There are 2 protein chains.
Amino acid sequence: MSPDPIPLRPNSKRQENERIILKAAEKVFAEAGYGGATMQLIADVAGRPKANVHYYFQTKEQLYRRVVSNIFDIWLQAADAFDGAKNPAEGIGAYIDAKMEISRKYPHGSKVWASEVMHGAPIIQDYLEIKLVEWTKDRAEVIQNWIDQGLMDPISPRHLLYLLWATTQHYADFGHQVETLNGGFPLDLDQWQEAKSSIKRIVLKGIGAEE
Amino acid sequence: MSPDPIPLRPNSKRQENERIILKAAEKVFAEAGYGGATMQLIADVAGRPKANVHYYFQTKEQLYRRVVSNIFDIWLQAADAFDGAKNPAEGIGAYIDAKMEISRKYPHGSKVWASEVMHGAPIIQDYLEIKLVEWTKDRAEVIQNWIDQGLMDPISPRHLLYLLWATTQHYADFGHQVETLNGGFPLDLDQWQEAKSSIKRIVLKGIGAEE
DNA sequence: AAGCTACCTGACCAATTGGTCAAGAACTTT
DNA sequence: AAAGTTCTTGACCAATTGGTCAGGTAGCTT
């Protein structure tokens with residue numbers, strides 16, 4: 001019934017073309033939102049006819065889902081920085097660095113993710129309810145351990161995590177605002193560095209975890 | 001040529017109907033984004049035929065612009081909390097309270113605003129480039145004064161403001177995520193209180209401005 | 001060179017979109 | 001009660017949308 005053109009052994013051509021389309025889609029979804037994005041525009045940005053996009057991704061929703069889960073995986077990976085550490089200053093410091101690098105390197109993906117969650121996560125509820133809940137629980141426990149060991153002040157781990165997420169995402173999601181307030185120019189590398197150290201300074205001192 | 005049905009002395013009926021439509025529009029724009037929102041859905045939520053919505057707001061963009069500027073004005077008003085204060089703990093503390101109240105009371109509007117900025121502020125560039133730039137400059141000066149008076153640590157005022165905006169907005173914009181991580185329930189009043197005091201505690205200590 | 005599979009795409013379609021309009025209903029003002 | 005204004009809305013339209021499909025090409029395997 002369904003032709004289902006997905007080959008058994010992923011062809012290199014398919015992989016490459018999917019990559020190009022996903023990159024274009026990420027940009028268009030980020031700039032226009034899910035509802036505002038059109039398959040035609042994605043096709044144009046990817047430099048191919050619309051039917052070709054539909055050859056690789058049958059529906060708009062499938063394409064969108066791939067874009068979202070790609071960035072979500074990157075997002076979760078930043079947790080590695082968290083895990084190896086033996087004290088809050090090291091762990092949270094590294095986590096801030098990692099998340100800021102994500103905001104800098106994947107601004108489109110960050111926006112797509114933010115947009116998705118903001119609109120009630122209609123497409124990736126399952127991700128949120130399983131992976132994220134688990135991830136948060138683990139990390140909150142790490143923080144609680146630090147508190148119990150007297151390595152930092154007794155602060156609600158959950159609200160600390162929200163502060164970290166919000167602040168680091170801000171530089172991607174509200175990048176346009178940040179840019180406007182920077183005289184119309186994107187932050188340069190020095191300014192990114194300044195942002196990172198400002199955040200780390202406030203947060204680490206704020207939770208009583210200075211080195 | 002254009003009928004232009006706007007009466008010279010704003011009728012009370014018009015005011016009331018505009019209010020109802022604006023409220024419905026705010027919700028729909030927040031949940032679906034500008035591109036995903038439809039005039040038909042807004043009309044349905046407002047409980048009136050689509051043509052009636054078009055009677056009060058000629059175009060989708062005009063309606064949207066009104067929704068966005070309404071929330072932006074509320075957002076800027078929170079600055080009052082900032083201004084009256086004589087030291088950072090009081091000023092920034094009050095500002096955090098005010099912005100958290102906005103997140104709690106106007107979650108739809110906050111999302112619309114966030115969405116607009118995230119997509120490059122195509123509709124309200126002018127607002128951003130004039131009002132916001134000015135507002136930020138003023139507030140940054142207030143913070144700089146506090147620093148110069150030795151009332152707080154020497155921290156980049158700009159990045160501190162970003163941290164405040166991001167964190168307080170988070171509870172509205174990412175309300176769905178917060179709710180999911182709260183077992184599927186919205187924060188109750190005690191939890192909002194806990195959020196506020198956690199943020200204040202971290203930030204005020206973090207900038208060296210404890211009372 | 002024949003056969004198979006993956007890839008490609010112009011033309012097309014049903015559904016939905018923002019927006020219009022004309023004809024009338026409901027108020028105010030005179 | 002007539003005249004003028006504001007409000008209301010079903011029916012309609014041109015444009016755009018996501019998605020389909022048939023007929024073709026390119027490249028590997030035998």
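From a predicted model like this one, the values you see are computed outputs, not experimental measurements. Every chain is numbered from 1, with letters handed out A, B, ... down the list of sequences.
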Colleague: Mind listing the N/O atom pairs, protein and nucleotides 26-30 of chain D, below 3.5 Å?
Modeller:
none

Colleague: Return the value, rounded to whole Å, for the distance between atom CG of A:Asp44 and atom P of C:dG10.
Modeller: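 The distance from CG of A:Asp44 to P of C:dG10 comes to 12 Å, rounded to the nearest Å.
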Colleague: How are the rings of B:Tyr171 and A:Tyr162 set relative to one another: parallel (under 30°), tilted (30 to 60°) or perpendicular (over 60°)?
Modeller: perpendicular
Colleague: A:Ile20 CD1 to C:dC7 P: how many Å, rounded?
Modeller: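 Whole-Å distance recorded here is 13 Å.
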Colleague: State which of C:dG10, D:dT8, C:dT20 makes the closest approach to the side chain of B:Ala51.
Modeller: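 For the B:Ala51 side chain, the nearest candidate turns out to be C:dT20.
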Colleague: Would you indicate, yes or no, if D:dT8 has its OP1 or OP2 atom less than 4.0 angstrom from a side-chain nitrogen or oxygen of B:Tyr55?
Modeller: no
Colleague: Rounded to the nearest 0.5 Å, what separation is found between the CG atom of A:Asp138 and the CD1 atom of A:Ile143?
Modeller: 11.5 Å
Colleague: With sequence neighbours excluded, tell me which residues meet salt bridge (charged side-chain N to carboxylate O under 4.0 Å, His left out) with A:Glu61.
Modeller: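 Expected list: A:Arg65.
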Colleague: In whole angstrom, what separates B:Asn17's CG from C:dA26's P?
Modeller: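 One finds 15 Å between P of C:dA26 and CG of B:Asn17, rounded.
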Colleague: Roughly, in whole Å, what's the span from CD in A:Gln62 to C1' in D:dT20?
Modeller: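 Rounding to the nearest Å, CD of A:Gln62 and C1' of D:dT20 are 15 Å apart.
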Colleague: Tell me which donor-acceptor pairs under 3.5 Å the side chains of residues 30-47 of chain B have, and how far apart each pair is, sequence neighbours excluded?
Modeller:
residue: B:Thr38; atom: OG1; partner: B:Leu41; partner atom: N; Å: 3.0
residue: B:Gln40; atom: NE2; partner: B:Asp44; partner atom: OD1; Å: 3.1

Colleague: From B:Asn182 CG over to B:Gln177 CD, what is the distance, rounded to the nearest 0.5 angstrom?
Modeller: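 B:Asn182 CG to B:Gln177 CD: 12.5 Å, rounded to 0.5 Å.
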Colleague: Between the protein and nucleotides 13-19 of chain D, which nitrogen or oxygen pairs are less than 3.5 angstrom apart?
Modeller:
residue: D:dG18; atom: OP1; partner: A:Ala37; partner atom: O; Å: 3.2
residue: D:dG18; atom: OP1; partner: A:Lys60; partner atom: NZ; Å: 3.2
residue: D:dG18; atom: OP2; partner: A:Met39; partner atom: N; Å: 3.1
residue: D:dG18; atom: N7; partner: A:Lys50; partner atom: NZ; Å: 3.1
residue: D:dG19; atom: OP2; partner: A:Lys60; partner atom: N; Å: 2.6
residue: D:dG19; atom: N7; partner: A:Lys50; partner atom: NZ; Å: 3.1
residue: D:dG19; atom: O6; partner: A:Lys50; partner atom: NZ; Å: 2.7

Colleague: List in chain and number order the residues that pass salt bridge (charged side-chain N to carboxylate O under 4.0 Å, His left out) with A:Glu18, two or more places apart in sequence or in another chain; answer none if no residue qualifies.
Modeller: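 With sequence neighbours excluded, A:Glu18 shows a salt bridge (charged side-chain N to carboxylate O under 4.0 Å, His left out) to A:Arg14, A:Arg66, given in chain and number order.
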Colleague: Please confirm whether the shortest side-chain N or O distance from B:Tyr56 to OP1 or OP2 of D:dT6 is below 4.0 Å.
Modeller: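 Indeed not, no polar side-chain atom of B:Tyr56 lies that close.
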Colleague: Quick one: side chain to side chain contact (heavy atoms under 4.5 Å, CB included) partners of A:Leu76, sequence neighbours excluded?
Modeller: A:Phe72, A:Lys131, A:Trp135
Colleague: Could you give the CD1-to-P distance, from B:Ile21 to D:dC7, as a whole number of Å?
Modeller: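 Computing the B:Ile21:CD1 to D:dC7:P distance gives 11 Å.
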Colleague: How many Å lie between CZ on A:Arg14 and C1' on C:dC8, as a whole number?
Modeller: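 Atom-to-atom, A:Arg14 to C:dC8, this comes out as 12 Å.
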Colleague: Counting distance only, does the side-chain N/O of A:Glu116 pair as donor-acceptor with the main-chain N or O of A:Ile124 below 3.5 Å?
Modeller: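 Flag set: sc A:Glu116 to bb A:Ile124 pair under 3.5 Å.
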Colleague: Mind checking the CG-CD1 spacing from A:Leu163 to B:Ile202? Nearest 0.5 Å is all I need.
Modeller: 5.5 Å
